[in-house]
Trainee: 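Can you read through this structure? Questions will come right after.
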Protein chains: 2
Amino acid sequence: MVDADTYWPAELFADLDRTGPVPLYFQVSSRLEAAIHSGAIPAGGRLENEIAIGQRLGLSRPTIRRAIQELVDKGLLVRRRGIGTQVVQGQVTRAVELTSLYEDLKNSSHVPATRVLGHDVVPASEIVAQSLGLSVGDDVVFVRRQRSTDGVPVAVLENYLPLEFADITREQLEEHGLYEIMRARGVTIRVAKQKIGARSARGDEGELLDIDSNGPVLTMERVAFDDSGRACEYGHHCYRPDLYSFETTLVAK
Amino acid sequence: MVDADTYWPAELFADLDRTGPVPLYFQVSSRLEAAIHSGAIPAGGRLENEIAIGQRLGLSRPTIRRAIQELVDKGLLVRRRGIGTQVVQGQVTRAVELTSLYEDLKNSSHVPATRVLGHDVVPASEIVAQSLGLSVGDDVVFVRRQRSTDGVPVAVLENYLPLEFADITREQLEEHGLYEIMRARGVTIRVAKQKIGARSARGDEGELLDIDSNGPVLTMERVAFDDSGRACEYGHHCYRPDLYSFETTLVAK
DNA sequence: AAGTGGTCTAGACCACAAC
DNA sequence: TTGTGGTCTAGACCACTTA
């Protein structure tokens, strides 16, 4: 059953809960992910086949398949037909991350803060109207914030929201994230489409980010959609590039 | 069966092929995607429930579920328990894209070109060694290229590869993409972990990109893994920010 | 109460890779 | 030939939403 070159830390899977609200596939995948991150299943290590794992845990093959698929989609595992399932050598990214100052800030107990620079109802420009599915000139809520971490400014955030959010207060914006405020009002973000780029700072951005007035900034433009597929936020953000970067994992289809 | 407010362009699903190599769930999801992009199922429109669709097509519910899940993962559909499945208002992103010069270049019949700036075997630095899972000082292949589109330089690409790729020729690099060359040698990229950021141009980058010598550049650092989970490429690229940006779609778990 | 998606089962057949 | 993952079926029960 257990080849010399396959790994299965059975002790991690002793306490599956069939009665609680947590799906079985999620219990399996999260324990498997922990086993990979802890090194109990090393980089390059092979897993048993899906049916054997299922018998071992008393679960059906589709449930095991789904658990494994979750980690394939995260880029932690690789599956090949006729071969088996192996752990990706993913430890390296941690080392890469450590080279940036942002990670130092992030790993230390950082204190985020928000300063509200603007908070108005304005007519929608063409790009805002298109993004939110409105007409040019329709009223929208405009919010401009400066985000800091441990007292160091890291981003200038400009957001446009539908008029239903007109009663959001300055105090709310200073103490909570925008998505947090929206969720408290029953609006949950489900999908976001983003464009990441770079340009020179302009206007007061250099001053607000404490960098050269025309120094480089990292930019992110985003349209977010809620539960029902309705566009409910358009944002244009710029970040201090020495303190912020975007990390993604891509998996070939 | 067909509510006034659900959509199902049955004619698009008349020719499912049960004998060919294309999975049924893929045939369904790709036709569904086409129906959404064409507007046959409009933004905000609702789909029938999964079981009804299955009966309509003579397929089981899990197969239909998987087809729908593909499009949920792409950010085209949203599902809610007790409610149903709806199309996300995603058309807006196309409008956003059109605002960038990059898209203009991309939509015109663009001609990509590659100039090889450097092509050597060098000892691995610490970051290269960590990324590729080697030891500092081990020999690796280093490639530096300038990528142009329609004669306009858009990127400077620096890549480090394991020594097994030492026999790649300058001519191959000028006529094919790096992944294309690797695939022809039996190495398929399956997972990539990348970090996107910004900084000022340095060294000869400004000259190579035809921008100010210290102007802003968009950067991408990447480690790619093959079929077996082995790291097989480390790259550090920089892009002209007025000609290039990264677009992603995020879906809440 | 009725309808929806979320989860789970216990099989089956197939394509592909290795021996 | 054997073992692997890839696909597919025909049900089942549940949680959640709306009416």
Side-chain angles (χ1 to χ4, degrees), chain A residues 1-6 8 16-30 46-55 57-73 77-87 186 188 190 226-229 251-253, chain B residues 1-6 8 16-30 46-55 57-73 77-87 186 188 190 226-229 251-253:
Chain A
M1 291 292 175
V2 178
D3 298 280
D5 50 350
T6 65
W8 193 253
L16 295 179
D17 174 16
R18 304 186 79 100
T19 65
V22 182
L24 287 167
Y25 76 84
F26 187 83
Q27 296 183 48
V28 173
S29 71
S30 53
R46 257 184 73 227
L47 260 53
E48 288 183 272
N49 71 65
E50 300 169 340
I51 296 176
I53 294 175
Q55 288 174 340
L57 301 184
L59 297 175
S60 70
R61 186 185 168 197
T63 301
I64 301 301
R65 249 187 98 67
R66 175 151 185 195
I68 291 177
Q69 187 61 44
E70 295 273 317
L71 302 190
V72 170
D73 291 341
L77 293 175
V78 172
R79 277 198 287 211
R80 278 182 296 173
R81 172 161 25 186
I83 306 285
T85 305
Q86 283 178 290
V87 177
T188 308
R190 284 290 280 278
D226 69 6
D227 269 15
S228 65
V251 179
K253 309 178 236 185
Chain B
M1 290 295 177
V2 178
D3 298 281
D5 51 349
T6 66
W8 192 250
L16 295 179
D17 175 15
R18 303 187 78 101
T19 64
V22 182
L24 288 167
Y25 77 84
F26 186 83
Q27 296 182 48
V28 174
S29 71
S30 54
R46 257 184 73 226
L47 261 52
E48 289 183 89
N49 71 65
E50 299 169 341
I51 295 176
I53 294 175
Q55 288 174 342
L57 301 185
L59 297 175
S60 69
R61 186 186 170 199
T63 301
I64 301 300
R65 248 188 99 67
R66 174 150 186 194
I68 292 178
Q69 187 61 44
E70 296 273 317
L71 302 191
V72 170
D73 291 341
L77 293 175
V78 171
R79 277 198 288 211
R80 278 181 295 172
R81 172 163 21 187
I83 306 284
T85 304
Q86 283 178 292
V87 177
T188 309
R190 284 290 280 277
D226 69 6
D227 268 15
S228 65
V251 179
K253 310 180 234 185

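Since the model is a prediction, treat every value here as computed from it, not as a measurement. Numbers restart at 1 for each chain; the letters A, B, ... are given by sequence-line order, proteins then strands.
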Trainee: Taking atom P of D/dC8 as reference, at what distance in whole Å does atom CZ of B/Phe26 sit?
Mentor: 12 Å
Trainee: What is the distance, to the nearest angstrom, from the CD atom on A/Gln55 to the C1' atom on D/dG3?
Mentor: 14 Å
Trainee: Which part of the nucleic acid, if any, lies within reach of A/Arg65 when heavy atoms closer than 4.0 Å are counted: base, sugar-phosphate only, or nothing?
Mentor: base
Trainee: For the side chain of B/Glu48 and the backbone of B/Trp8, is there at least one donor-acceptor N/O pair under 3.5 Å apart?
Mentor: no
Trainee: Taking atom CD of B/Glu70 and atom CZ of B/Arg65, what is their separation to the nearest 0.5 Å?
Mentor: 12.5 Å
Trainee: Return yes if a side-chain donor-acceptor contact under 3.5 Å exists between B/Gln86 and B/Arg80, otherwise no.
Mentor: yes
Trainee: In this structure, how many angstroms lie between the C1' atom of D/dG5 and the CG atom of A/Leu47, rounded?
Mentor: 13 Å
Trainee: What is the distance from CG of A/Asp5 to C1' of D/dG3, rounded to the nearest Å?
Mentor: 13 Å
Trainee: Nearest-Å distance, CD1 (B/Ile64) to P (C/dT7)?
Mentor: 18 Å
Trainee: Report yes if the side chains of B/Leu59 and B/Val28 come closer than 4.5 Å at any heavy-atom pair, otherwise no.
Mentor: yes
Trainee: Mind grabbing the angle between the end helix axes of the helix from C/dA1-D/dT18 to C/dA18-D/dT1? Five pairs an end, 10° rounding.
Mentor: 10°
Trainee: Counting just side-chain N and O atoms, does B/Tyr25 come under 4.0 Å of either OP1 or OP2 of D/dC8?
Mentor: no
Trainee: When you check the gap from the basic side-chain N to the acidic O, do A/Glu50 and A/Arg79 get nearer than 4.0 Å?
Mentor: yes
Trainee: How many whole angstroms separate atom CG of A/Leu57 from atom P of C/dC8?
Mentor: 13 Å
Trainee: Could you work out, with side-chain contact (heavy atoms from CB on, under 4.5 Å) as the rule, every residue matching B/Pro23, not counting sequence neighbours?
Mentor: B/Tyr25, B/Phe26
Trainee: Would you kindly compare B/Asn49 and A/Val22 by the position of their nearest DNA chain C nucleotide and give the one closer to the 5′ end?
Mentor: B/Asn49
Trainee: Rounded off to whole Å, could you give me the CZ-to-C1' distance for the A/Arg66 and C/dG6 pair?
Mentor: 8 Å
Trainee: With heavy-atom distances below 4.5 Å as the criterion, would you say the side chains of B/Thr6 and B/Leu47 are in contact?
Mentor: no
Trainee: Does a side-chain N or O of A/Thr85 approach OP1 or OP2 of D/dT4 to a distance below 4.0 Å, or not?
Mentor: no
Trainee: Base contacts versus sugar-phosphate-only contacts with protein, heavy atoms under 4.0 Å: please encode nucleotides 9-19 of chain D as B, S and - from 5' to 3'.
Mentor: BB-B--BBSS-
Trainee: How long is the line joining CG of A/Asp227 and P of C/dG6, in whole Å?
Mentor: 12 Å
Trainee: If I take atom CD1 from residue B/Ile53 and atom OG1 from residue B/Thr85, how far apart are they, to the nearest 0.5 angstrom?
Mentor: 7.0 Å
Trainee: How long is the straight-line distance from CG of B/Asp73 back to CZ of B/Arg66, given to the nearest 0.5 Å?
Mentor: 10.0 Å
Trainee: Using OP1 and OP2 only, check whether a side-chain N or O of A/Arg79 sits under 4.0 Å from D/dG6.
Mentor: yes
